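The structure presented is a predicted model; accordingly, all values stated were derived computationally and were not measured.
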Amino acid sequence: MVRLGFIIGFIALLGALLSGLAAYRVHDQELALDRIALARAIDVHASLVQDRSTERELLARVASGLFRAPSVLKPNMLEPLRSAIYAFKTDFVVAGWVARLQPNELAAAQTAIAAAGFPKPQIRDYSDKPIAAASLTQPIDVLMDLEPRSDETKALPGRSYDSDPVRNAMLARARVEKRSVASDPVPLSSDNGPIGVIVAAPVIPEGATEPVGFVTFSYELASLMLTNDDLSLFSVALKDPRKDGGELVANDQGVVSTRMTTPDGPAPSATRTISFGGRDWQLGYYAKSNSARRAEQTAIIVAAIGFAITAMVCGLFGYVAYNNLRLSREIQVRIGFERRLTAVIDELNHRVKNILAVIQSIVTRTLRHGSDIDVARELLIGRIHAMSNVVSLLSESQWQGVKLKGLFEARAIPHADRIAVSGPDIAVSARAAQSLSLLFFELASHSDEGLSLVGKHPHITANWTVTGEENETVFHFRWEEFNTSEATRRADSDFGLILLDRVAPEALGGIAKRYFTDVSYVYELTAPMETVVDMTERDRTEKLSQPVKPAH
């Protein structure tokens, strides 16, 4: 009996030690994994917020760059920009044109606002009190046009921003620094409207030193800072730049409110700083759950189970082995998820940088010095629209390629209804799709010039074939415009020539030629199929999109 009691006591002591060790290990692992997951999620969130903010600030810069020596009194100043603004697919609330008016220009400005169809054209301060030109001694900033026009926004043009402290400070800073500037958080559209920020970009005519006005974009704070994710591990608060200890938070419905932090209140789990509008903003991240308490609860449960099955030696060892295996698999799964997430983010950053570089090249080449602004604006909007269309198609296919016939969609290619398309509907790679989309736009956008001389439209054919066997297949593309000649077809721009003769062929690893026949204009492109399809790029994208499988 004594020996049995000793054995039972020894087994009980061994079971208690093993249960306590298992509980301690579970506690540490759960706590470490939760902290790693929270820190990684915060880093990804801050990176996404920075990327979104950079895109929206870039929109303001591009929009201001499209103005060329504008007349501040011209009605409907945003009319040439509307298609370009919406091509970026951003979530701005209101885009506006704010003109800097001299006192003697108020009457003409009021006439221009009335001519644009706005119901309250009178020049007034921000509280809607009329402003007398005789009382002014210096220029004022007046909202002249906006987009979109709704029942709520139509009454805003004619207001002067000089009497609003937040907007006036933003414009004054943009005027002095001559770059895009973001405002403090402020109610948008009306005093009871959603809280957001406004980014203003100065418009400076060529040869001038002072801006003649500003292009503004307002964004709701909740969507800009990505604060409405119910499934996230944390809640996000933006430090209020106007109040020490103040924070701006959004509820599940996206309504932003202000709260004050206290010394004895919960501290954020982490803080991150992002740059937007020429200033730094600090985000505070609060964990939604207490990881230490959850780890303690898990450890207590493990210990209780260990104590309960101490008398069963096989069950005890089986439980410990199973528990260790489960924890090991969870760690492997989470580590694999982190690696895949890092690879996806790196791949996304690489693609975004390439797209922005292409757009920068398009803008620089199109708006070169001495170019016709009307033609340049039309080409710029069309080229950016073509890029936007191919990015949308690539996003729908998870960047695994685009069907070649899909690049001839009517909303991206001019005169698509007159193009007879034929050829196998192959799926080209992302890189090839971007080059071919710009190539098709350049060819189509130059095919309608001089038609008044011949009295009829050209008939356009676009066909391609794939020849050869297995690894030696060759892609042949031929574009032919009938009923056109060198006299009726608009000459290609510098950017178009570079794209047709060098960029597109080099991107596909092939050669191109263009020439006129007796009845048509012909452009031919020949390239190896392995560069047009690029299976290595597709395999890499598919691998990144596959779910992580736990190790066995």
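With 3.5 Å as the limit, one finds a donor-acceptor pair spanning the side chains of Gln50 and Thr54. Inspection of the Thr273 and Asp280 side chains reveals no N or O donor paired with an N or O acceptor under 3.5 Å.
When all heavy atoms are compared, the tightest approach of Lys178 to Thr209 is CE-O, 2.6 Å. Among all heavy-atom pairs drawn from Arg167 and Pro187, the shortest one is NH2-O, 3.1 Å. Of all heavy-atom pairs between Pro148 and Val94, the closest is CD-CA, 4.3 Å. Looking at every heavy atom in both residues, Glu57 comes nearest to Gly277 through OE1-N, 3.1 Å. Glu105 approaches Leu101 most closely through the heavy-atom pair OE1-CA, 3.4 Å. Pairing each heavy atom of Pro211 with each of Arg100, the nearest pair is O-CD, 4.1 Å.
The pair Arg175-Glu210 does not meet the salt-bridge criterion, since no charged nitrogen lies less than 4.0 angstrom from a carboxylate oxygen. The pair Arg124-Asp128 meets the salt-bridge criterion, with a side-chain N (NZ, NE, NH1 or NH2) lying under 4.0 Å from an Asp/Glu carboxylate O.
In this structure, the side chain of Ser183 engages the main chain of Ile198 through a donor-acceptor pair within 3.5 Å. Looking only at distances, a side-chain donor or acceptor of Trp281 sits under 3.5 Å from a matching main-chain atom of Phe276. A distance-only check finds no donor-acceptor pair linking the side chain of Ser47 to the backbone of Asp43 [under 3.5 Å]. Side-chain N or O atoms of Arg56 include none that pairs as donor or acceptor with a backbone N or O of Phe217 at under 3.5 Å. Judged purely by atom type and a 3.5 angstrom limit, Ser269 uses its side chain to pair as donor or acceptor with the backbone of Ala287. With hydrogens and angles ignored, the 3.5 Å screen pairs a side-chain donor or acceptor of Ser135 with a backbone N or O of Ala132. No side-chain donor-acceptor contact under 3.5 Å links Thr271 to the backbone of Leu283. For Ser435 (side chain) and Ala432 (main-chain N/O), no donor-acceptor pair under 3.5 Å exists by modelled atom type.
Scanning for salt bridge (charged side-chain N to carboxylate O under 4.0 Å, His left out) contacts around Arg35 gives an empty result, with sequence neighbours left out. Remark: Gln110 engages Pro121, Gln122, Ile123 in a side-chain contact (heavy atoms from CB on, under 4.5 Å) (not counting sequence neighbours). In this structure, the salt bridge (charged side-chain N to carboxylate O under 4.0 Å, His left out) partners of Asp184, at least two apart in sequence or on a different chain, are Arg279.
The six-membered or imidazole ring of Phe234 lies away from that of Tyr286, with a centre-to-centre distance of 6.0 Å or more.
When Thr261, Leu238, Asp240 are each tested for a side chain to side chain contact (heavy atoms under 4.5 Å, CB included) with Glu247, only one passes: Thr261.
When side chains are defined from C-beta on, Arg149 counts as touching Phe118, because their heavy atoms get closer than 4.5 Å.
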